[in-house]
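Written out below as structure tokens is the structure these notes cover.
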Amino acid sequence: MSGPRTIIHFLSILILLLWSAVLLYFHMSGRVAAYLPPDGIFRQMVLISGIGLAVVALFNLFTTNAEDAGCEAHGCDHDHSHDHQDCCGHDHGHKHGPEGDAGHTHHEGCGHDHDHGHSHEHHDGCGHDHGHGHHHDHDHDHSSHDHSHGILAESSWLGRIAAILILSAPLTWAAFQSPDRYSANAVTNKGLYNPNYSDTSNADKFTLRTETAETKIERPKPNVTPQPTAPLPPPAQFSQPEAVVKASPKAPEKAQSYGSFTLEDLKKQVPQSKEGNFILEVPEIYYTAGDAEVQKAITGQPVETTAQVLPEKVNNADGHRLRVFRMLVQCCAADARPYSVPVDFGKKAPEFKDMTWVKVIGTMSYKKEGDQMVPIIEATKIEETTAPADAMIY
């Protein structure tokens, strides 16, 4: 294999290994799992594709010399010269006369061509050319036949460099520079401070009730009336509580009663810590505000939840609150939305870096604020913790 072809061959292998490494990194690091729900096959296909690209790259690496061996077996990259007996390395053209008589002989060492239209005889060392009408020139040069194909093989070196950058640079940049979490501004813009606690769009998924075929609850459709609304203020304006309140949605319906639900039912449906705290996800707490019977059962009960934290910018003039939230993914990370509840400390709230993961322990309470019944965790303890295996809820 020639020098340029060797370089191109190994560059192609490196590009395959790069693609494989990025896919395997995203899978093994959990970044794919953080952004895509487990249903479907996309998560598995990322792993399979990463392994497949690595296998192809290693196959090409270990068979680097096989191409040359195959080429030699077919006789390429060399000349096919056919010499005539007793006359070395020259061509013989024969022009026959009308009688078809080519009556002549070639003696050893003639070293020349023969061009004759009649019968003749050549003696040794004649020292001249003899051109003949039919020509037996069998000099086939295959040295220019390079069996590499594709943009890297057929382009100039400038084109090859451009192709390599196109194939590798964007993928590498995305792997190392793409964020694997939402920023505080992104979460705010997705409606962090504009919850509708009586919304029922995902209530069945996070209800604390057990529903059988006989007792399945028919929940009303979300009370959403299409109306032109003013755009949300830019993230910078959310430092002003009034701006957030102005951006609040239309008043929802009051909490509904879906039949009896008692503390005993709560204990059956919700796991408890060894301290007796009901372990709930933030969306589960969020949706208790829309169920009057669940509210009655859980009010005053100890709860704990793990979530991310941001400053509270609604109904927090005294600075006693923080807001905790979890991101819920319906299809993919692009449609994720925050589910949030306020946490009240009864005194100045502790400070945490934005988006920090915390574990909150407290008791459940509900308070009418504006037009909504708001679920509030009256905190007794809050501490920084590690992110759960699935940072987003599906």
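At least one side-chain heavy atom of F325 sits less than 4.5 Å from a side-chain heavy atom of V187. Looking at F206 and I393, their side chains come closer than 4.5 Å, going by heavy atoms from C-beta outward. Considering only heavy atoms from C-beta on, L11 comes within 4.5 Å of I7 through its side chain. Two residues are said to be in side-chain contact when any heavy atoms from C-beta on lie closer than 4.5 Å; P342 and L322 fail this criterion. Contact of the T200 side chain with the S198 side chain is not registered, since no non-hydrogen atoms from C-beta on lie closer than 4.5 Å.
Rounding to the nearest 0.5 Å gives a distance of 4.5 Å between OG of S340 and CG of L192. Taking NE2 of H9 as the reference point, atom OG1 of T63 lies at 6.0 Å (rounded to 0.5 Å). Here CZ of R337 is found 9.5 Å from CE of M327. Values are rounded to the nearest 0.5 Å. Taking CE of M373 as the start and OH of Y197 as the end, the distance is 12.5 Å to the nearest 0.5 Å. With values rounded to the nearest 0.5 angstrom, T305 atom OG1 is found 10.5 Å from I361 atom CD1. To the nearest 0.5 Å, atom OH of residue Y366 and atom OG1 of residue T299 are 5.5 Å apart.
Side-chain heavy atoms closer than 4.5 Å link hydrophobic residues (I, L, V, M, F, W, Y) into clusters, and following such links, even through other members, never connects I13 to V55.
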Tell me, with the steps shown, if R209 and D291 meet salt bridge (Lys or Arg N to Asp or Glu O under 4.0 Å).
CA-CA 10 Å; R209 298 171 179 268; D291 191 323; 2.8 Å; yes
List the steps and the verdict of side chain to side chain contact (heavy atoms under 4.5 Å, CB included) for S49 and I51.
CA-CA 5 Å; S49 298; I51 294 173; over 6 Å; no
Assess whether salt bridge (Lys or Arg N to Asp or Glu O under 4.0 Å) is satisfied between K296 and D265, documenting all intermediate values.
CA-CA 12 Å; K296 292 177 184 178; D265 294 322; over 6 Å; no
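If you run side chain to side chain contact (heavy atoms under 4.5 Å, CB included) between V360 and each of T306, V324, V282, only V324 comes through.
For D335 against K190, the heavy-atom pair with the smallest separation is C-NZ, 4.4 Å.
Remark: E378 pairs with D344, T363, S365, I376 by the side-chain contact (heavy atoms from CB on, under 4.5 Å) rule, at least two apart or across chains. Annotation: ring-ring contact (aromatic ring centres under 6.0 Å, His included) contacts of Y339 (sequence neighbours excluded): Y286, Y287.
Electrostatic pairing of E369 and R321 counts as a salt bridge here, judged by a charged N lying under 4.0 Å from a carboxylate O.
Remark: side-chain polar atoms of D390 are not paired, donor with acceptor, to backbone N or O of M392 under 3.5 angstrom.
Looking only at atom types and distance, the side chain of E275 has a donor-acceptor partner in the side chain of S273 under 3.5 Å away.
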